[in-house]
Protein chains: 2
Amino acid sequence: MNEEISCIIRHFSHYCSLSSGEKQLLMTLEDSPTDIKSGTLLWEMGDPANEFCTLKSGWAYSYRHLEDGDRQILEVFLPGDIIGLREFAFSQRLENVRMIDDSVVCHFPHKSMLDVFRQSLTLTSVMFAIGSRQQALLTERLVTLARLSARKKMAHFLCEMHMRLRQTNPGIGNQLRLPLSQEQLADILGLSPVHVSRTFTALSEDGLVFRDRHRVTIPDLSALCAEGEFNDYYLSDNVRPLLGEIA
Amino acid sequence: MNEEISCIIRHFSHYCSLSSGEKQLLMTLEDSPTDIKSGTLLWEMGDPANEFCTLKSGWAYSYRHLEDGDRQILEVFLPGDIIGLREFAFSQRLENVRMIDDSVVCHFPHKSMLDVFRQSLTLTSVMFAIGSRQQALLTERLVTLARLSARKKMAHFLCEMHMRLRQTNPGIGNQLRLPLSQEQLADILGLSPVHVSRTFTALSEDGLVFRDRHRVTIPDLSALCAEGEFNDYYLSDNVRPLLGEIA
DNA sequence: CGACTAATTGAGTTGGATCAAAAAGTGTGG
DNA sequence: CCACACTTTTTGATCCAACTCAATTAGTCG
């Protein structure tokens with residue numbers, strides 16, 4: 001039960017402190033860690049959906065195809081995230097999921113969720129909170145995609161990623177590894193790859209973002225946040241208020 | 001405990017059959033029905049968030065403002081929907097909510113959710129399922145906003161609304177009341193009001209949609225679905241699979 | 001080093017935005 | 001029932017952010 005090795009416990013602890021029984025229960029969710037290679041599909045739309053995965057290490061993303069062949073990336077998953085939570089209520093996968101890095105995932109069946117519900121009010125609440133947070137992320141992206149300029153979209157996305165990474169990994173400073181091609185970035189932001197390149201150049205010229213291959217440096221985070229109309233309330237304010245009620 | 005009068009029970013029953021104890025528990029969520037006038041703000045961003053609302057009758061929507069004064073509508077709520085589920089994990093409201101019609105809402109505090117968690121595995125699961133479904137709706141809209149043409153966005157949205165209305169109200173035929181101005185429609189679809197008007201005209205000219213004030217007629221639903229790349233899997237396939245497991 | 005893949009740069013096009021004005025609805029009080 | 005004020009929708013003209021197409025220049029890696 002070493003917390004170092006369980007990123008899901010680290011993730012959940014972010015929401016509230018857990019009893020050792022709860023930690024034990026969580027550990028079972030991270031059973032059977034499986035290696036999975038970069039570029040592999042974890043699952044495809046239409047596949048039967050009867051389990052979640054926790055992402056122990058590596059990055060992944062979910063996406064959809066459109067009729068004209070365009071692709072839209074919906075979510076980027078980081079270590080500690082739960083993949084496939086959205087499909088809890090569905091019998092089929094609603095989206096494709098592909099690994100960005102060589103990764104380790106742990107499978108756990110939907111019906112284990114019922115054990116969680118039965119055994120721990122706290123974990124149930126945290127599960128709910130995680131769902132809420134995911135919705136908040138989606139909502140934020142939606143506003144961004146619908147209304148911001150390419151420049152602001154990029155700025156916003158970089159701020160968001162930096163913030164998310166810093167939450168589990170304080171001390172990353174003003175740097176981050178962003179293992180995404182510009183084509184993938186385009187598919188996240190609803191832009192063309194060409195325009196992503198131009199936008200990156202423009203942001204660099206203005207000194208907001210520097211980039212060397214997959215390393216991104218943000219010299220002045222608050223300036224970039226301002227540029228992207230980014231505000232971290234939807235990432236930070238999670239679930240604290242509820243805790244008192246449970247105890 | 002007349003089901004006719006409780007739209008939340010009707011809504012939940014959509015996911016699975018409920019015991020009378022569960023229905024009773026749900027009824028408490030619809031306590032204290034409150035009238036609220038069309039155009040009123042239910043709440044604003046930053047307001048303390050410690051309750052949900054169930055929408056007993058009328059329509060509502062949630063939205064956000066951007067720096068340039070643009071507005072993005074995030075969700076349209078129909079009778080039976082739960083408003084503010086997303087903020088379960090937050091202490092502040094993340095979005096504004098405004099009533100479209102004269103409506104009736106019922107308040108229930110977040111901590112009542114804990115009673116639900118404690119008392120009914122089924123209702124807990126359904127709550128989760130509702131969250132999943134909301135995410136699915138958001139995801140679908142995200143793809144739509146990011147990648148489709150104005151024409152397809154409109155078509156998609158109309159199909160979605162028709163489908164959602166039909167779920168609680170079979171027999172609406174090929175008509176629907178759409179109490180939204182073109183400006184609101186624009187704010188939903190990420191378009192300008194002017195372009196919404198033009199797009200409506202174009203769809204009418206092609207015989208896909210007819211409109212008289214707030215009445216919309218869809219002569220050939222499947223044609224409109226095809227036009228909007230609409231597929232109802234994200235609305236229909238809800239939660240059935242789980243039921244066996246609980247029983 | 002050669003063969004790919006990813007990123008950049010340039011030129012030309014376009015879907016939807018903006019601005020402005022006219023037309024159609026809606027509502028209110030006399 | 002009409003006149004006046006206000007809001008919503010439509011139409012026309014112009015503009016621009018981002019797209020597409022195409023060619024070049026890095027990177028990456030067996």
Side-chain angles (χ1 to χ4, degrees), chain A residues 37-39 66 68-73 98 100-102 144-158 177-206 209-216 227-229, chain B residues 37-39 66-73 98 100-102 144-157 177-206 209-216 227-229:
Chain A
K37 281 242 168 301
S38 159
L66 290 114
D68 64 0
D70 269 9
R71 188 175 71 150
Q72 180 61 39
I73 291 180
R98 193 179 290 276
I100 292 173
D101 298 309
D102 292 345
T144 294
L145 288 179
R147 295 292 180 183
L148 298 188
S149 65
R151 183 185 171 88
K152 287 180 177 237
K153 284 181 192 176
M154 280 265 344
H156 188 282
F157 178 73
L158 292 173
R177 184 186 73 106
L178 192 73
L180 299 167
S181 69
Q182 296 196 3
E183 186 177 0
Q184 288 168 330
L185 235 23
D187 289 339
I188 291 168
L189 300 175
L191 300 169
S192 67
V194 173
H195 204 58
V196 167
S197 169
R198 291 190 220 273
T199 305
F200 247 135
T201 305
L203 288 174
S204 285
E205 279 168 358
D206 297 346
V209 172
F210 298 103
R211 189 177 38 109
D212 175 30
R213 208 60 219 107
H214 285 156
R215 268 256 59 89
V216 173
E227 178 63 43
E229 301 191 21
Chain B
K37 281 244 167 301
S38 159
L66 290 116
E67 284 176 6
D68 63 0
D70 269 9
R71 187 175 70 151
Q72 180 62 39
I73 291 181
R98 193 178 290 276
I100 292 174
D101 298 310
D102 290 346
T144 293
L145 288 179
R147 293 294 181 183
L148 298 188
S149 65
R151 184 185 170 88
K152 287 180 178 237
K153 284 181 192 174
M154 279 266 344
H156 188 282
F157 178 72
R177 183 185 76 103
L178 192 73
L180 299 168
S181 69
Q182 296 196 4
E183 185 175 3
Q184 288 169 329
L185 236 23
D187 289 339
I188 292 167
L189 300 175
L191 300 169
S192 67
V194 173
H195 205 59
V196 167
S197 170
R198 291 190 220 274
T199 305
F200 247 135
T201 305
L203 288 173
S204 284
E205 278 167 359
D206 297 345
V209 172
F210 298 103
R211 190 176 37 107
D212 176 31
R213 210 58 218 106
H214 285 157
R215 274 240 77 77
V216 172
E227 177 64 40
E229 301 192 22

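Values reported hereafter were calculated over all heavy atoms of this structure, with side chains retained and with hydrogens, waters and symmetry mates removed. Numbers restart at 1 for each chain; the letters A, B, ... are given by sequence-line order, proteins then strands.
Under 4.0 angstrom from either OP1 or OP2 of dT7(D) there lies no side-chain N or O belonging to Gln182(B). The side chain of Ser197(A) places no N or O atom within less than 4.0 Å of a non-bridging phosphate oxygen (OP1 or OP2) of dA7(C).
Between Gly228(A) and His156(A), the shortest heavy-atom contact is O-CD2, 3.3 Å.
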Determine all donor-acceptor pairs shorter than 3.5 Å in which one atom belongs to a side chain in residues 196-203 of chain B; sequence neighbours excluded.
residue: Thr199(B); atom: OG1; partner: His195(B); partner atom: O; Å: 2.6
residue: Thr201(B); atom: OG1; partner: Ser197(B); partner atom: O; Å: 3.0

Let's go through Glu227(B) and Met154(B) carefully: what are the C-alpha distance in whole Å and the side-chain angles of both, what is the deciding distance for side-chain contact (heavy atoms from CB on, under 4.5 Å) to 0.1 Å, and is it a yes or a no? CA-CA 9 Å; Glu227(B) 177 64 40; Met154(B) 279 266 344; over 6 Å; no
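Salt bridge annotation for Glu229(A)-Arg147(A): absent, with no cationic side-chain nitrogen under 4.0 angstrom from a carboxylate oxygen. Under the 4.0 Å criterion applied to side-chain N and carboxylate O atoms, Arg151(B) and Asp206(B) are assigned as salt-bridge partners.
Counting any heavy atom pair closer than 4.0 Å across all strands shown, Arg211(A) reaches sugar-phosphate atoms only and no base atom.
Proximity note for Ser181(A) (side chain, C-beta onward) versus dT8(C), dT8(D), dA6(C): the nearest is dA6(C).
Atom CZ in Arg215(A) sits about 18 Å away from atom C1' in dG27(D), given to the nearest Å. Residue Leu145(A) contributes atom CG, which lies 12 Å from atom P of dA18(D) at whole-angstrom precision. Residue Phe200(B) contributes atom CZ, which lies 16 Å from atom P of dG16(C) at whole-angstrom precision. Between Asp212(B) atom CG and dT10(D) atom P the separation is 11 Å, expressed in whole Å. Separating the CG atom of Leu148(A) from the P atom of dA17(D) is a distance of 15 Å, rounded to the nearest angstrom. Atom CG of Leu203(A) is separated from atom P of dA18(D) by 12 Å (rounded to the nearest Å). For the pair Met154(A) CE and dA18(D) C1', the interatomic distance rounds to 15 Å; values are reported in whole Å. Going from atom CD of Glu183(A) over to atom P of dT8(C) covers 14 Å, rounded to whole Å.
With a 4.5 Å cut-off on side-chain heavy atoms, Leu66(B) and Lys152(A) do not count as touching.
At most 12 non-hydrogen atoms from other residues, nucleotides or ligands lie less than 6.0 angstrom from CD of Glu183(A).
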Would you tabulate the pairs of protein nitrogen or oxygen atoms and nucleotide nitrogen or oxygen atoms of nucleotides 17-24 of chain C closer than 3.5 angstrom?
residue: dA17(C); atom: OP1; partner: Ser192(B); partner atom: N; Å: 2.9
residue: dA17(C); atom: OP2; partner: Ser192(B); partner atom: N; Å: 3.3
residue: dA17(C); atom: OP2; partner: Ser192(B); partner atom: OG; Å: 2.9
residue: dT18(C); atom: O4; partner: Arg198(B); partner atom: NH2; Å: 3.4

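Place Thr201(A) and Arg213(A) on DNA chain C by their nearest nucleotides, and Arg213(A) ends up nearer the 5' end.
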